[in-house]
Amino acid sequence: WEENRKMQRQWMEESGVKNVRVEIDWEATEYPNREFDWQYLDIIVNGLKAKDINVQGMLFQHQENPFGSCNPPDETVITANALSADETYLDAWVRFVDAVAKRYGDKVDSWIIHNEYHNYPTCNSLRGMTIPQYKTLVIESSKAIKSVDSDAIVVYGGFSANVPSSRLDELFNGDVLNHVDAFAIHPYLSGNYETPETAPRYYENYQSFIEDIKTKISIPIWSTEIMYDELSENGHINEALRSKYLLRYFVLVILNFLST
């Protein structure tokens with residue numbers, strides 16, 4: 001296992017990779033007795049930093065949390081005693097974030113709180129969390145991270161490029177933008193209806209929308225996840241075509257949005 005990881009890091013270094021997102025799954029990190037297992041993350045994070053590769057830590061709950069299922073979907077899922085008699089879901093989550101930040105704060109270059117949770121308002125991994133509750137989770141997570149490292153970069157998102165404006169409006173109103181330093185989007189390209197030349201319009205749409213609602217706050221747009229959809233009307237596209245499309249997309253982003 002470790003030899004495979006060494007080989008992957010070597011490939012990344014030789015390819016010129018400068019940034020890697022590391023998934024930090026709550027359930028895989030903390031045990032029900034509130035003890036943490038850092039072995040896997042230590043190997044990954046320390047190995048990347050040894051190669052001078054920037055690390056983005058993605059804090060998320062993949063499915064269950066370490067303490068089993070939360071309450072059924074309702075309005076109190078993050079504030080009720082969903083886990084134990086003495087700890088709410090929000091309390092337990094913030095304790096997890098604090099522990100991770102204290103261990104890797106000097107090695108992780110930016111943090112992202114969950115991943116595309118706004119896209120799945122009823123999925124199992126969200127456990128009924130509403131958008132206001134999600135924003136509360138982001139705000140409290142940011143406070144925990146910045147209490148360890150005041151210069152930490154906290155990223156809001158990522159957001160897929162087809163989120164309706166009504167949901168974006170709810171995601172960005174209120175105080176949440178005062179606690180994040182960037183927001184991430186995932187402009188996936190579909191073989192059915194997109195070419196790389198159409199993708200940058202997503203940046204324009206998002207940036208225009210954010211300019212309307214952020215008032216005096218200025219945060220950059222990050223693209224943290226992208227691929228060319230492998231399905232098309234004629235079946236699977238091959239790796240060579242996907243690579244060409246991705247290269248064209250990256251060039252377009254550099255030409256049009258380097259200042260962003």
Side-chain angles (χ1 to χ4, degrees), residues 1-70 78 82-84 87 89-117 120 123-127 129 134 137-138 140-149 151-158 182 184 186 222 224-227:
W1 179 86
E2 174 57 15
E3 287 303 315
N4 289 337
R5 294 296 180 271
K6 288 180 180 178
M7 187 178 299
Q8 290 173 359
R9 291 193 293 268
Q10 186 64 35
W11 288 342
M12 286 187 282
E13 183 181 38
E14 293 173 356
S15 300
V17 171
K18 296 299 182 183
N19 300 280
V20 171
R21 187 180 72 185
V22 176
E23 297 183 347
I24 305 174
D25 184 4
W26 188 11
E27 183 185 22
T29 307
E30 185 177 2
Y31 293 119
N33 62 1
R34 302 183 184 182
E35 293 184 359
F36 293 89
D37 182 356
W38 306 111
Q39 182 178 7
Y40 173 81
L41 287 172
D42 281 352
I43 293 173
I44 298 297
V45 173
N46 293 334
L48 290 171
K49 297 308 291 185
K51 295 293 185 181
D52 199 27
I53 295 174
N54 295 326
V55 174
Q56 179 181 84
M58 189 179 81
L59 300 161
F60 78 121
Q61 175 188 322
H62 182 251
Q63 290 185 356
E64 303 293 345
N65 60 67
F67 310 98
S69 297
C70 300
I78 68 169
L83 302 182
S84 65
E87 192 172 43
Y89 182 99
L90 182 60
D91 292 337
W93 169 263
V94 171
R95 180 171 51 76
F96 158 69
V97 173
D98 178 72
V100 176
K102 286 178 178 176
R103 189 167 187 89
Y104 300 112
D106 61 337
K107 297 181 176 70
V108 171
D109 301 276
S110 63
W111 303 89
I112 190 164
I113 314 301
H114 292 307
N115 187 50
E116 294 189 355
Y117 268 35
Y120 313 107
C123 75
N124 289 336
S125 60
L126 207 96
R127 296 296 178 195
M129 194 182 301
Y134 172 57
L137 205 71
V138 170
E140 296 305 316
S141 299
S142 177
K143 289 178 180 178
I145 292 169
K146 290 180 180 288
S147 70
V148 176
D149 178 9
D151 296 323
I153 297 173
V154 177
V155 183
Y156 191 22
H186 299 163
W222 288 15
T224 58
E225 187 176 320
I226 183 174
M227 65 173 286

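Along the sequence shown, residues are numbered consecutively beginning with 1.
- Within the 4.5 Å cutoff, side-chain heavy atoms of W111 are placed close to those of V100.
- V45 has its side chain out of reach of W38: every pair of non-hydrogen atoms, C-beta onward, lies at least 4.5 Å apart.
- Summarising the geometry of S141 relative to L137, their closest heavy-atom pair is OG-O, 2.6 Å, with the distance given to 0.1 Å.
- For the atom pair I24 CD1 and Y40 OH, the distance stands at 10.5 Å (nearest 0.5 Å).
- Closest approach of V17 to V20, counting heavy atoms only: CG1-CG2, 3.8 Å.
- Between atom OG1 of residue T29 and atom CG of residue D37 there is a gap of 8.0 Å, rounded to the nearest 0.5 Å.
- The heavy-atom pair separating A152 from I145 by the smallest distance is CB-CG2, 3.6 Å.
- Between I113 and Y134, the closest heavy-atom pair is O-OH, 3.4 Å.
- Between W26 and F96, the angle of the ring planes stays under 30°, which puts this pair in the parallel group of the 30/60° scheme.
- The shortest heavy-atom contact between V94 and A144 is CG1-CB, 4.0 Å.
- D151 contributes atom CG, which lies 8.0 Å from atom NZ of K146 (distance to the nearest 0.5 angstrom).
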Could you go through the salt bridge (charged side-chain N to carboxylate O under 4.0 Å, His left out) check for D91 and R95 one step at a time? CA-CA 6 Å; D91 292 337; R95 180 171 51 76; over 6 Å; no
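- Using a 4.5 Å cut-off on side-chain heavy atoms (C-beta onward), K49 and N54 make contact.
- A 6.0 Å sphere centred on CG of D106 holds more than 12 heavy atoms belonging to other residues, nucleotides or ligands.
- Here the side chains of W222 and N19 are not in contact, with every heavy-atom distance at 4.5 Å or above.
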Show your working on salt bridge (charged side-chain N to carboxylate O under 4.0 Å, His left out) between K107 and D42 and close with a plain yes or no. CA-CA 10 Å; K107 297 181 176 70; D42 281 352; over 6 Å; no
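- To the nearest 0.5 Å, atom NZ of residue K51 and atom NZ of residue K18 are 12.0 Å apart.
- Distance alone, capped at 3.5 Å, is enough to place a donor-acceptor pair between the D109 side chain and the V55 backbone.
- Interatomic distance, NZ of K102 versus CZ of F36, reported as 10.0 Å (0.5 Å rounding).
- The distance from the NZ atom of K143 to the CG atom of D98 is 14.0 Å, given to the nearest 0.5 Å.
- Under the 4.5 Å side-chain criterion, counting only non-hydrogen atoms from C-beta, D25 is in contact with F60.
- When all heavy atoms of S110 and V155 are compared, the pair lying nearest together is CB-CG2, 4.4 Å.
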